[in-house]
Amino acid sequence: MQIIRTIKDMRAFHKILRTGNKSTGFVPTMGALHEGHLSLVRRSKEENGITVVSIFVNPTQFGPGEDFNRYPRDTVGDLEKLSALDVDAVFMPEDGEMYPETPPAVSIDVGGIGRILCGVSRPGHFNGVATVVAKLFNIVMPDRAYFGQKDLQQTVVIKKLVKELNFDVDIIICPVVREKDGLAMSSRNSYLNPEERKAATVLFRTLKLGEKLILNKGMDNTMDVKRKMEEMIRSEPLADPDYIEIVDPRNLQAMQDIRLPAALCIAARIGNTRLIDNIIIDKK
Ligand code: PAF
């Protein structure tokens, strides 16, 4: 497994690997790798001759006062996990390699899609994500790139980015990977103390309640379902909900009457940790 720190070396290494018409799968990450990330790497390994993973905690997607400085970093552990999966290359640039100017001289504005849901409390976040993903696509030049459905809004933003800027890359969305008790895996789960970790299961329980109301009880009014879901999350004293929304998973448009496919999306603070989760309900 090659560890690469510069854009020039990444391009040179890829040129050598690419001989023989192998396709390249790419898994962009911010490190602190968990089973969710590793499921993306395994899928890429299954579907491509070459797999490249990036580890870069992208400063432009963190707002002032967010957790950029304390975001979990575990380079040694990450490299061990990736080496065990026989990844071909890990691209680990420094901030100055990715962003020669601070703030960056050029960045991408994803428009309204970046201002709804998580964009309300994280203004500019999705512009930062789109900017770094576009740069990474230009550096790694993958055929396929793998993202987790846990960050549903991010996946919709990236699909839009690829369409609008004509990137020649297939975006593959992989299922949410959960702990045994339903909590969606996230690098930020490591911030939770034991009491908060228990309380954090309320996100998934609330999503499952919404799913049951729609599929088993036949409820089709968004406000009614959201009200019941809100009652559940508020019953957990450590949870402070940011939003509960029911949207079309293809474009994140809110719906008044529930039609399938529908995405139930939730964001909440558990103590000081902001967590997100979603489930997509589709016709059987
Ligand atoms: O999902 C993430 O970890 C990040 O948003 C990404 C896609 C690696 C961009 O920094």
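Ligands are counted one by one from 1 in listed order, and the atoms in each one are counted from 1 as well.
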Quick test: of every protein heavy atom, which one is nearest to atom 2 (C) of ligand 1, and how far off is it to 0.1 Å?
Gln154 NE2, 3.9 Å

So if I count the atoms of ligand 1 from 1 in the order they appear, which ones are less than 4.0 Å from some heavy atom of Val132?
9 (C), 10 (O)

Share the residues that join Val106 in a hydrophobic cluster, the rule being Ile, Leu, Val, Met, Phe, Trp or Tyr side chains under 4.5 Å apart at the heavy-atom level.
none

Near Gln61 (heavy-atom distance under 4.0 Å), the atoms of ligand 1 are 4 (C), 5 (O), 9 (C), 10 (O)

Under 6.0 Å from the six-membered ring centre of Phe147 and within 45° of its axis: does the NZ or CZ of Arg43 meet both?
no

Tell me which part of Thr29 gets within contact of ligand 1: side chain, backbone, both or neither, using heavy atoms under 4.0 Å.
backbone

for atom 3 (O) of ligand 1, nearest protein heavy atom and its distance come out as Met30 CG, 3.6 Å

Taking the basic N atoms (NZ, or NE/NH1/NH2) and the acidic carboxylate oxygens, is any pair closer than 4.0 Å for Arg178 and Asp277?
yes

Could you give all pairs that pass the ring-ring contact (aromatic ring centres under 6.0 Å, His included) test and reach residues 118-139, with sequence neighbours left out?
Phe137-Phe167

Take Gln153 and Ile116, measure what side chain to side chain contact (heavy atoms under 4.5 Å, CB included) needs, and give me the verdict at the end.
CA-CA 9 Å; Gln153 187 170 7; Ile116 57 174; 3.8 Å; yes

